[in-house]
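In this text, all values refer to a predicted model and were calculated from it rather than measured experimentally.
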Amino acid sequence: MERVEILLTEEEVNERIAEIGRQISKDYEGRPVHLICVLKGGAPFMCELAKRITCVVSFDFMYVSSYGSGTESSGQIKIIKDLDEPLEGRDVIIVEDIIDSGRTLSRLIDIFKKRNPASIRLCTLLDKPDRRVADDVNVDYVGFRIPDEFVVGYGLDYDQKYRNLPYIGVVKFD
């Protein structure tokens, strides 16, 4: 049986998303920004973030699966749902729920660069820098740096459960 202990309250999460929204609004003032959500977990964060950005915002969704023989991402990805819009000439921000090893994201960034955007930046609600193995993944906007714990809520799940929690919790197994 598992239980969830609160790591970051709903208020803490909402305030940090507002701060990131203000920073993005400042950085892109007078220019449109194109948010790309990596499904599924990033959707709640991206929707909340978009509401707090004051410049023109468009968004798109991509669903990828990393594959390999182990329990960790191989960095090879299979695109299950590609973007609907071209990236050429656009200022792009990839929005993730959590970044740990960075392997899959590194490959995704390589794919996007070939599509000729004006710029690519990376935004994540949660960052686990201690688990990073991809040296080329530099996060521009970070909600929270967290320890190497199994977290849920705000789009993150355990066996498809807990995505709807309005806070970030740590799964504990009894």
Where A118 and D91 come nearest, the two heavy atoms and their spacing: CB-OD1, 3.6 Å

Path from L126 to V133 over hydrophobic side-chain contacts below 4.5 Å: no

Nearest atoms (heavy-atom pairs only) where Y141 meets I93: CE1-CD1, 4.2 Å

Interatomic spacing from OG in S101 to CG in D130 - rounded to 0.5 Å: 13.0 Å

Note, E12 side chain near E15 side chain (heavy atom, < 4.5 Å): no

Nearest-0.5 Å distance that lies between atom CE in M62 and atom CG in D84: 10.5 Å

Full working for side-chain contact (heavy atoms from CB on, under 4.5 Å) between L122 and I99: CA-CA 10 Å; L122 183 55; I99 300 173; 3.7 Å; yes

Close side-chain approach of R163 to P44, heavy-atom, < 4.5 Å: no

Shortest non-hydrogen contact from C55 toward R31: CB-O, 3.5 Å

Transitive ILVMFWY side-chain link I20 to L105, under 4.5 Å: no

Among N138, I94, T104, the one residue meeting side chain to side chain contact (heavy atoms under 4.5 Å, CB included) with I109: I94

Joint cluster assignment, F112 & I79, ILVMFWY side-chain distance < 4.5 Å: yes

NZ on K128 to CD1 on I98, rounded to 0.5 Å: 4.5 Å

Atom pair CD1/CZ of I24 and R22 - distance to nearest 0.5 Å: 12.0 Å

Heavy-atom closest contact (Y167 atom, V4 atom, distance): CE1-CG1, 4.2 Å

Check: E85 main-chain N/O paired with D60 side-chain donor or acceptor under 3.5 Å: yes

side-chain contact (heavy atoms from CB on, under 4.5 Å) assessment of K161 paired with V152: CA-CA 8 Å; K161 297 183 288 187; V152 295; over 6 Å; no

T124 OG1 to R145 CZ distance, which is reported to the nearest 0.5 Å: 10.0 Å

Minimum heavy-atom distance L49-C123, with the two atoms named: CD2-SG, 3.8 Å

R107 vs V64 side-chain heavy atoms within contact, under 4.5 Å: no

pair D140-D27: side-chain heavy atoms closer than 4.5 Å: no

Criterion salt bridge (Lys or Arg N to Asp or Glu O under 4.0 Å) on E29 and K26, from CA distance to verdict: CA-CA 5 Å; E29 187 175 359; K26 180 181 171 190; over 6 Å; no

Heavy-atom closest contact (Y28 atom, V92 atom, distance): OH-O, 4.4 Å

Rounded distance (nearest 0.5 Å) linking atom CG of L87 with atom NE2 of H34: 5.5 Å

Passing candidate, side chain to side chain contact (heavy atoms under 4.5 Å, CB included) with F45, options L156, V13, V95: V95

pair L8-V151: side-chain heavy atoms closer than 4.5 Å: no

Side-chain touch I168/L125, heavy atoms, less than 4.5 angstrom: yes

Cluster link L108 to V142, ILVMFWY, side chain under 4.5 Å: yes

Derivation and outcome, side-chain contact (heavy atoms from CB on, under 4.5 Å), residues R52 and N14: CA-CA 10 Å; R52 292 164 170 91; N14 286 332; 4.1 Å; yes

Side chains of R132 and V139 in contact at under 4.5 Å (non-hydrogen atoms): yes

K113 atom NZ, over 12 foreign heavy atoms within 6.0 Å: no

Geometric class of the F59/F61 ring pair [parallel <30°, tilted 30-60°, perpendicular >60°]: perpendicular

pair K40-Q160: side-chain heavy atoms closer than 4.5 Å: yes

Check: D136 main-chain N/O paired with S106 side-chain donor or acceptor under 3.5 Å: no

Criterion side chain to side chain contact (heavy atoms under 4.5 Å, CB included) against K172, the qualifying member of M1, E2, E149: E149

In one Ile/Leu/Val/Met/Phe/Trp/Tyr side-chain cluster, 4.5 Å: I6, L165: yes

Derivation of the side-chain contact (heavy atoms from CB on, under 4.5 Å) call for I80 and L39: CA-CA 10 Å; I80 296 169; L39 294 170; over 6 Å; no

